[in-house]
Amino acid sequence: MVKEIHAGLQEVRPGRTLFVREWIFGGKDDDQSQDVVVDLQMVVVHGSCATEAQFHPLCQSLAQQPGKRIKCILYDMLGCGQSPVIYDWNAYAKDELEQDLGAIVETYTQPDLPLYFCSHSYGPNLLLSWLNKMNGNNNNNNALQRQIE
């Protein structure tokens, strides 16, 4: 089963709009219920000058795996893919991209489910930097606590 929950532009934080796609993979093909229960979730972080679309084959291969229902959250970083281009150099600062990632995790993941990340190229750098900052902030961020415990 492949079920698209959402694909489109979303304001992920005040003044910041990105293209976000949510898919659920696995389960029975005839399951048409609106509230599909998932077993785990994965946030995909693409690299420089890339798009979330490069991960479609990988994510769709998860639909072939028996047993688990997986929610995949993919997004295009600012200026990439279907996300808007902003003509302000500061909008692309690493800190801004980290805040986008944090907003994606906070908005689109569920704190009571296992959370995995898949990233490539610049994505791992961004992801590890964000995780490190969240750990150092010690601000009880639910997404990070799930990762550390």
**Student:** Report the C-alpha separation of Asp95 and Lys133 in whole Å, then their side-chain angles, then the decisive distance to 0.1 Å, and conclude whether the salt bridge (charged side-chain N to carboxylate O under 4.0 Å, His left out) test is met.
**Tutor:** CA-CA 10 Å; Asp95 184 59; Lys133 284 183 180 178; 3.7 Å; yes
**Student:** Which pair of non-hydrogen atoms, one from Ala50 and one from Cys80, has the smallest distance, and what is that distance?
**Tutor:** O-CB, 3.2 Å
**Student:** Can you tell me how far apart CH2 (Trp23) and CD (Glu4) are? Round to the nearest 0.5 Å.
**Tutor:** 6.5 Å
**Student:** Using 0.5 Å steps for rounding, measure from the CE atom of Met42 to the SG atom of Cys118.
**Tutor:** 5.5 Å
**Student:** Using modelled atom types and a 3.5 Å cut-off, is there a donor and acceptor pairing between side-chain atoms of Ser83 and backbone atoms of Gly79?
**Tutor:**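 Side chain of Ser83 to backbone of Gly79, a donor-acceptor pair under 3.5 Å: no, none is there.
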**Student:** Let me check something: do Leu97 and Tyr87 share a hydrophobic cluster, defined by ILVMFWY side-chain heavy atoms less than 4.5 Å apart, either directly or through other members?
**Tutor:**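 Yes: a chain of side-chain contacts under 4.5 Å links Leu97 to Tyr87.
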**Student:** Are Tyr116 and Leu74 joined in one hydrophobic group, where the rule is that I, L, V, M, F, W and Y side chains link up if heavy atoms are under 4.5 Å apart?
**Tutor:**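 Linked within one cluster.
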**Student:** Does some side-chain heavy atom of His46 sit less than 4.5 Å from a side-chain heavy atom of Asp76?
**Tutor:** yes
**Student:** Decide yes or no for Ile73 and Ile104: does some side-chain heavy atom of the first lie under 4.5 Å from some side-chain heavy atom of the second?
**Tutor:** yes
**Student:** Cluster question for you: counting only ILVMFWY and a side-chain heavy-atom cut-off of under 4.5 Å, with indirect links fine, are Phe19 and Tyr108 together?
**Tutor:** no
**Student:** For Asp100, give me all partners under salt bridge (Lys or Arg N to Asp or Glu O under 4.0 Å), at least two apart in sequence or on another chain.
**Tutor:** Arg13, Arg16
**Student:** Roughly how far apart are Gln10 CD and Thr107 OG1, rounded to 0.5 Å?
**Tutor:**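 The CD atom of Gln10 sits 9.0 Å away from the OG1 atom of Thr107.
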**Student:** Can you list every salt bridge (charged side-chain N to carboxylate O under 4.0 Å, His left out) pair that touches residues 113-131, not counting sequence neighbours?
**Tutor:** none
**Student:** Indicate yes or no for a side-chain donor-acceptor contact from Tyr92 to the backbone of Ile86 under 3.5 Å, with no hydrogens or angles considered.
**Tutor:** yes
**Student:** Quick check for you: to the nearest 0.5 Å, what is the distance between Arg21 atom CZ and Glu52 atom CD?
**Tutor:** 4.5 Å
**Student:** Is there a side-chain contact between Ile70 and Ile24, using heavy atoms and a 4.5 Å cut-off?
**Tutor:** no
**Student:** Got a list of side-chain donor-acceptor pairs under 3.5 Å for residues 119-128, not counting sequence neighbours?
**Tutor:**
residue	atom	partner	partner atom	Å
Asn125	OD1	Lys94	NZ	2.7

**Student:** Is the shortest side-chain heavy-atom distance between Val12 and Tyr75 below 4.5 Å?
**Tutor:**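 The answer is no; the side chains never approach within 4.5 Å.
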**Student:** From Cys72 SG over to Leu40 CG, what is the distance, rounded to the nearest 0.5 angstrom?
**Tutor:**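 Rounded to the nearest 0.5 Å, the SG-CG separation comes to 8.5 Å.
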**Student:** Are the side chain of Gln41 and the backbone of Leu113 linked by a donor-acceptor contact shorter than 3.5 Å?
**Tutor:** yes
**Student:** Are any of the side-chain heavy atoms of Arg69 and Phe25 separated by less than 4.5 Å?
**Tutor:**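 Answer no - side chains too far apart.
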**Student:** Taking Ser61 for the side chain and Leu58 for the main chain, is one N or O donor matched with an acceptor at less than 3.5 Å?
**Tutor:** yes
**Student:** When hydrophobic residues are tied together by side-chain contacts of less than 4.5 Å, even through go-betweens, does Met77 share a cluster with Val85?
**Tutor:**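 Result: yes, single cluster for both.
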**Student:** Could you tell me if Gln82 and Thr51 have a donor-acceptor pair between their side chains, going purely by distance under 3.5 Å?
**Tutor:**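 Not at all, the side chains of Thr51 and Gln82 share no donor-acceptor pair under 3.5 Å.
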**Student:** Checking the side chain of Glu98 only, and the main-chain atoms of Gly102 only, is there a donor and an acceptor separated by less than 3.5 Å?
**Tutor:** no
